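The block underneath contains the structure these notes are about, expressed in structure tokens.
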Number of protein chains: 2
Amino acid sequence: MNSTSDEIKDDYNFISEALIDIYDQIMRIEESEIRKSQFKDITAKELHLIHTIGLHDRKTTSEVSRVLKLSKGTLTANLNNLEKKGYIIRMINQQDRRIINLGLTSKGRLLYRAHYAFHRQLVESCLKGFDGSDIRKMRQALVNVEKFIDEVSSK
Amino acid sequence: MNSTSDEIKDDYNFISEALIDIYDQIMRIEESEIRKSQFKDITAKELHLIHTIGLHDRKTTSEVSRVLKLSKGTLTANLNNLEKKGYIIRMINQQDRRIINLGLTSKGRLLYRAHYAFHRQLVESCLKGFDGSDIRKMRQALVNVEKFIDEVSSK
DNA sequence: CTAAAATAGTTTGAAATTCAAACTATTTTG
DNA sequence: CAAAATAGTTTGAATTTCAAACTATTTTAG
């Protein structure tokens, strides 16, 4: 297929606009889907936190607050809520008792998997009809975004 | 190029993970870049609102609150802030004096363009080395996401 | 070996953001 | 023209966030 530079420019504009708008909708839909299920007490932010804590990582509070760029105080408050609701547990690290390692309860792991499944569904529908090399290209595009973000942040 | 179904599955996982993580970073970097410029008093949420108000649309408060899914009260508060800081103006609609039409000041338009330029830069770096048909594919992927979102929201 | 410094996480108090409901002003409807 | 509907604002409460002060523990330096 052949494309003029004007057509490419239109695509760039379309893609820019779409990206600006889509994410908000994804966040919202992600939250509303999860709240239709057994997890009625979970917000999009909490989903994000559950995802960051992860299935097997035993991350510390400081690690998570660094990754999510939340102050430690804010994170403590968020963890209190999720602990009360039964999604996470705090484990005192026995090598260094200042440190709290974070883990998901079985309910938390269930939620993690439901959230992940939703994202998989989204990605699958997004790449419907794409072949292996198309998908490789999509992946490259995301790597490029990550590189762009790194460059901008470090400059 | 040939790809086994396993390799495709890996790509799907990679893309899912990347999507979950990237958006937060984009929001943050977008805000921090804009705050390095002359627009030091603007948050990511305000950027989003400025973008929605748009350059030429003269949208009403209700329209904007519907698009952004904010309550009217919240939007009024946000608009008060942006008005105080000189980015937007409210115009009473003379055909129907209950209605407020929203517009950007010249400062607001400058900010709009800076924000848009940043997104264009991001998209350009993301699609670096892609040809017309690759870009068409990216565009299709975004259309698919939009369709997915619509289906999920309406079901 | 111990006192001082550093580190991990929590608590606290204030500021900002959000929402729903009540309210004001205006227009539409019956 | 009175009642209902609509657009936007105000209000008060709930939630979220942050930075700074604080507690508990470990590391470092003399």
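Throughout, a chain's letter reflects where its sequence line sits, starting with A, and its residues are numbered from 1. Please read all numbers here as calculations on a predicted model, not as lab measurements.
Atom NZ in B:Lys69 sits roughly 17 Å away from atom C1' in C:dC19 (whole-Å rounding). Rounded to an integer number of Å, the gap from B:Lys45 NZ to C:dA15 P is 19 Å. Rounded to whole Å, atom P of D:dC22 lies 16 Å from atom NZ of A:Lys72. The nearest whole Å value for the distance from the CG atom in B:Asn78 to the P atom in D:dG8 is 15 Å. Regarding B:Asn93, its CG atom lies at a distance of 19 Å from the P atom of C:dA25, rounded to whole Å. Taking atom CZ of B:Arg98 as the reference point, atom C1' of C:dC23 lies 16 Å away to the nearest angstrom. The CE-P distance, from B:Met27 to D:dT17, rounds to 13 Å in whole Å.
The partner of D:dC22 is C:dG9, by the rule that a Watson-Crick or G-U pair needs both atom distances under 3.5 Å.
Remark on DNA chain C: of its neighbouring residues A:Ala77 and A:Asp96, the 5'-side contact belongs to A:Asp96, judged by nearest-heavy-atom nucleotide. With DNA chain D read from its 5' end, the first of the two nearest nucleotides for B:Leu79 and A:Gly73 is the one closest to B:Leu79.
Here the side chain of B:Leu70 is nearest to one of D:dT16, C:dC19, D:dC18, namely C:dC19. Across D:dA19, C:dG9, C:dC19, the shortest atom-to-atom separation from the side chain of A:Ser62 is found for C:dG9. When distances run from any side-chain atom of A:Ile99 to the nucleotides D:dT16, C:dA20, C:dG9, the shortest one goes to C:dG9.
Using a cut-off of 4.0 Å between Lys/Arg side-chain N and Asp/Glu carboxylate O, A:Glu33 and A:Lys36 are scored as salt-bridged.
For B:Thr74 and C:dT18, the shortest distance from a side-chain N or O to OP1 or OP2 is not below 4.0 Å.
Counting only heavy atoms from C-beta outward, the side chains of B:Ile99 and B:Ile92 never approach each other to under 4.5 Å.
Side chain A:Arg97 to base D:dT25: no donor-acceptor pair is found below 3.5 Å.
No side-chain donor from either of B:Asp21 and B:Gln25 sits under 3.5 Å from a side-chain acceptor of the other.
When each of B:Glu46, B:Lys107, B:Glu83 is paired with B:Ile88, the side chain to side chain contact (heavy atoms under 4.5 Å, CB included) condition holds for B:Glu83 and for no other.
Classified by interplanar angle (parallel below 30°, tilted 30° to 60°, perpendicular above 60°), the ring pair A:Tyr112/A:Tyr116 is parallel.
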